[in-house]
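Reading through the structure tokens given below for one structure.
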Amino acid sequence: NYLNFHAKRYEALIEKLKEIKSSKSGVNIQILDVGPSFFTELLIDNFKNDAISALGFPAEDKYRGGHLPECINLGKLTKFYELDLNQSKEDKLLGIAKFDIIILAEVLEHLCAPPEVVLGFLRGLMVDNGYLIIQTPNAVAIDKRVAMLRGINPFEKIRQDNSNPGHFREYTTSELLETVKQLGFCVISLDYYNNPAPKPEGLK
């Protein structure tokens with residue numbers, strides 16, 4: 001069910017990365033995947049000639065879950081940086097490489113740190129003219145608006161287990177655009193995707 005739900009966004013990310021890669025005239029590039037998951041393995045398989053690194057919680061059993069099962073082998077990575085982005089500060093930049101592309105996919109909403117702090121930190125990890133790809137749920141999606149009209153809170157409660165945090169805060173397009181522009185990013189593209197929940201097993 002997890003893979004069924006996320007398959008479309010994975011496909012969209014891979015296509016976006018291939019589009020950026022094609023503009024690099026065949027040069028091998030450095031890619032950083034923030035918050036390793038199933039997608040990390042897709043990156044490794046689709047960009048075999050490029051250096052794929054990841055940044056996130058330590059690769060320990062307690063941090064494994066639906067998004068990062070034991071079958072995902074982080075040993076295939078060029079480098080794994082253990083870092084909690086909620087503690088992302090300038091002094092944490094030491095020893096971390098510079099990247100052509102940084103992927104922040106379905107991570108921002110899981111952080112309790114302000115987005116301007118997190119995105120500002122990641123900007124410090126980018127080469128000049130690098131790319132930051134942000135993928136995150138729309139806080140005001142239609143299904144959430146409908147739920148609110150029915151008196152239902154569409155947002156999950158804050159979890160007690162901080163090794164697998166849920167959504168602390170989701171953002172609107174205008175909020176993200178304002179933040180990235182304040183940080184000096186140039187917005188290249190903005191895309192919306194509908195990703196309906198998968199049907200229960202047994203239904204067609």
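Keep in mind it's a predicted model, so treat the numbers as computed, not measured.
- Applying the 6.0 Å contact sphere to NZ of Lys24 captures more than 12 heavy atoms from other residues, nucleotides or ligands.
- Partners of Glu170 by salt bridge (Lys or Arg N to Asp or Glu O under 4.0 Å), not counting sequence neighbours, listed by chain and number: Lys144.
- A side-chain donor from one of Thr173 and Tyr192 sits under 3.5 Å from a side-chain acceptor of the other.
- Under a hydrophobic-cluster definition in which Ile, Leu, Val, Met, Phe, Trp and Tyr are linked whenever side-chain heavy atoms come within less than 4.5 Å, directly or via other members, Phe155 and Val107 are assigned to different clusters.
- Under the 4.5 Å side-chain criterion, counting only non-hydrogen atoms from C-beta, Glu106 is in contact with Arg9.
- Hydrophobic clustering (side-chain heavy atoms under 4.5 Å, transitive across Ile, Leu, Val, Met, Phe, Trp, Tyr) keeps Leu176 apart from Phe168.
- Taking all atoms of both residues into account, the shortest heavy-atom contact from Asn86 to Cys112 is OD1-N, 2.8 Å.
- Within the 3.5 Å criterion, the main-chain N or O of Gly166 finds a donor-acceptor partner in the side chain of His110.
- Each of Phe5, Phe39, Tyr193, Phe38 was compared with Tyr10 under the ring pair (Phe, Tyr, Trp, His ring centres under 6.0 Å) criterion, and only Phe39 meets it.
- Rounded to the nearest 0.5 Å, atoms CD (Gln30) and NZ (Lys98) are 12.5 Å apart.
- Side-chain contact between Leu13 and Leu43 is absent, with no heavy-atom pair separated by less than 4.5 Å.
- For Leu177 against Leu190, the heavy-atom pair with the smallest separation is CD1-CD2, 4.2 Å.
- For the pair Leu55 and Pro36, the tightest heavy-atom approach, listed with the atom from each and the gap, is O-CD, 3.6 Å.
- Leu183 and Ile102 fall within a single hydrophobic cluster, where Ile, Leu, Val, Met, Phe, Trp and Tyr are joined by side-chain heavy atoms under 4.5 Å apart, directly or via other members.
- A cation-pi arrangement is found for Arg123 relative to Phe185, the charged atom lying closer than 6.0 Å to the ring centre and inside a 45° cone about the ring normal.
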CA sep, side-chain torsions, deciding dist, call: Leu85, Leu104, side chain to side chain contact (heavy atoms under 4.5 Å, CB included): CA-CA 11 Å; Leu85 272 180; Leu104 186 70; 4.3 Å; yes
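- Nearest approach of Ser23 to Tyr131, heavy atoms of both residues: OG-OH, 4.2 Å.
- From Asp100, atom CG reaches atom CD1 of Ile31 across 8.0 Å, with rounding to the nearest 0.5 Å.
- Taking CG of Asp143 as the reference point, atom CD1 of Ile152 lies at 11.5 Å (rounded to 0.5 Å).
- A 4.5 Å side-chain heavy-atom check between Tyr171 and Pro137 finds every atom pair outside the cut-off.
- Checking Thr136 against Glu109 by side-chain atom types alone, a donor-acceptor pair falls below 3.5 Å.
- With sequence neighbours excluded, the residues that form a salt bridge (Lys or Arg N to Asp or Glu O under 4.0 Å) with Glu156 are Arg159.
- The side-chain heavy atoms of Phe99 and Leu132, taken from C-beta on, include no pair separated by under 4.5 Å.
- Contact check for Ile101 versus Phe47: no side-chain heavy atoms found under the 4.5 Å cut-off.
- Cluster annotation: Leu32 and Val27 are assigned to distinct hydrophobic clusters (Ile/Leu/Val/Met/Phe/Trp/Tyr, side-chain heavy-atom contacts under 4.5 Å, transitive).
- Atom NZ of Lys21 is separated from atom CG of Asp50 by 3.5 Å, given to the nearest 0.5 angstrom.
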Walk me through whether Lys18 and Asn46 qualify under side chain to side chain contact (heavy atoms under 4.5 Å, CB included). CA-CA 9 Å; Lys18 287 181 177 178; Asn46 280 272; 3.8 Å; yes
Pair Lys16-Glu11, salt bridge (Lys or Arg N to Asp or Glu O under 4.0 Å): steps then yes or no: CA-CA 9 Å; Lys16 182 65 68 175; Glu11 183 179 10; over 6 Å; no
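- Glu41 has its side chain within reach of Asp45: a pair of non-hydrogen atoms, C-beta onward, lies under 4.5 Å apart.
- Considering CG of Asp191 and OG of Ser189, their distance stands at 5.0 Å, rounded to 0.5 Å.
- Leu125 and Val117 fall into different hydrophobic clusters, where Ile, Leu, Val, Met, Phe, Trp and Tyr residues are linked whenever their side-chain heavy atoms come under 4.5 Å apart, directly or through other members.
- To the nearest 0.5 Å, atoms NZ (Lys181) and OG1 (Thr179) are separated by 11.0 Å.
- Looking at Ile103 and Ile134, their side chains never come closer than 4.5 Å, going by heavy atoms from C-beta outward.
- Heavy-atom contacts from other residues, nucleotides or ligands closer than 6.0 Å to CG of Asn153 number more than 12.
- If you check the side chains of Lys76 and Thr40, you find no donor sitting under 3.5 Å from an acceptor.
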